[in-house]
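Right, one structure below, let's go through it.
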There are 2 protein chains.
Amino acid sequence: MPQVKTEAPHEIVGEACPVREVLDRVAGKWSILIIVAAARGPVRFTELERSIEGISRRMLTLTLRNLERDGLLTRTVYATVPPRVEYRLTDMAQELHQSLLSLTDWATRHREEISAARHAYDAERLVDGR
Amino acid sequence: MPQVKTEAPHEIVGEACPVREVLDRVAGKWSILIIVAAARGPVRFTELERSIEGISRRMLTLTLRNLERDGLLTRTVYATVPPRVEYRLTDMAQELHQSLLSLTDWATRHREEISAARHAYDAERLVDGR
DNA sequence: CAGGATCCAATTGGATACTG
DNA sequence: CAGTATCCAATTGGATCCTG
């Protein structure tokens, strides 16, 4: 079982840096995408699989487990047939979602600018051969 | 040359999703770490290399190039001996930094809670063997 | 439906040696 | 100093098959 890392590499450098902390938690686009998707209410596994676009069954499972482990998601199993599992954000994750909004808002506002900067950069290396 | 991706895989799914947009830009812990480090003023290459803790020469270079390409950093070369290169955030990146503050603040506030959730989770799978 | 397990391909990233 | 280039190890992640 890869992932759900044993967190050994952290301890080495001392850890405790909050910036690092948040990144290890949230980095990897799937985490954020899931948090955003679950922000409006409980979601089911298949629902996430369809709405996330491009995520594999494996990565969805892995990411969900990690988020659950970090206390950002709760997983509720209903003993029905067929089984039904719901994921929902914890209060802590709802707060995180608020912070993420500021981030996605920034992205939306600067999408054009970023795209332009990129093309300009690429064009420049093209003419003088780097 | 790996990295500085050709962005082909995006186009396939249609792209344009701002959430995705921001993630591809900012994801990868080094980017955020660099932005935070450069937020207070111009920084030099070696300065970053020392202050980032754990980053390799290679990743630092690669990440700096990507940030520059996206218009988040400017790179200024001074024709001195030895050479001196300074990186500084663009206005757009300064704005991003503000958003990131809300994120790191969240991380700081919930560090304990996350750690506790983790240990609880791990302890649970330990007793019943998953 | 909601995953777990496995296999394999691709990407990421560190270490290191070299250069203007 | 500020990188670039190269080699190789580790991680990531997709595809697939199986099950309660």
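All chains are named by letter (A, B, ...) in the order of the sequence lines, taking the proteins before the strands, and each is independently numbered beginning at 1.
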Under 3.5 Å, is there a donor on one side chain and an acceptor on the other for His110(A) and Glu113(A)?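 Yes.
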Nucleotide of [options] approaching [X] most closely (side-chain heavy atoms):
X        : options                  : value
Met59(A) : dA15(C), dG14(D), dG3(C) : dG14(D)
Phe45(B) : dT4(D), dA2(D), dG14(D)  : dA2(D)
Pro83(A) : dC7(C), dG20(D), dG3(C)  : dG20(D)
Arg58(A) : dG13(D), dA2(D), dA2(C)  : dG13(D)
Thr61(B) : dT4(D), dA2(D), dG14(C)  : dT4(D)
Thr46(B) : dA2(D), dG20(D), dG14(D) : dA2(D)

Could you check whether Tyr87(B) gets within reach of a base, just the sugar-phosphate, or nothing at all, counting any heavy atom under 4.0 Å?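 Sugar-phosphate only.
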Have a look at Arg57(A) and say if it touches a base, only the backbone sugar-phosphate, or nothing, with a 4.0 Å heavy-atom cut-off.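 If one applies the 4.0 Å heavy-atom cut-off, Arg57(A) turns out to touch a base.
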Would you kindly give the [atom1]-to-[atom2] distance between [X] and [N], to the nearest whole Å?
X         : N       : atom1 : atom2 : value
Ile52(A)  : dG14(D) : CD1   : C1'   : 16 Å
Glu68(B)  : dG3(D)  : CD    : P     : 9 Å
Leu62(B)  : dA15(C) : CG    : P     : 15 Å
Arg125(B) : dG4(C)  : CZ    : P     : 10 Å
Leu48(B)  : dC1(D)  : CG    : C1'   : 13 Å
Asn66(A)  : dT12(D) : CG    : C1'   : 13 Å
Leu64(B)  : dG3(D)  : CG    : C1'   : 10 Å
Lys29(B)  : dT12(C) : NZ    : P     : 15 Å

Are Arg20(B) and Glu53(A) within salt-bridge range, i.e. N to O under 4.0 Å?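 Salt bridge absent between Arg20(B) and Glu53(A).
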Is it true that Arg118(A) and Asp122(A) make a salt bridge, defined as a side-chain N closer than 4.0 Å to a carboxylate O?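 So Arg118(A) does not pair with Asp122(A) through a salt bridge.
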Side-chain donor or acceptor of Thr90(A) paired with backbone N/O of Leu73(A) under 3.5 Å: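 No, because the side chain of Thr90(A) does not come within donor-acceptor range (under 3.5 Å) of the backbone of Leu73(A).
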Side chains of Leu89(A) and Thr74(A), heavy atoms from C-beta outward: is any pair under 4.5 Å?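 Leu89(A) vs Thr74(A): side chains apart.
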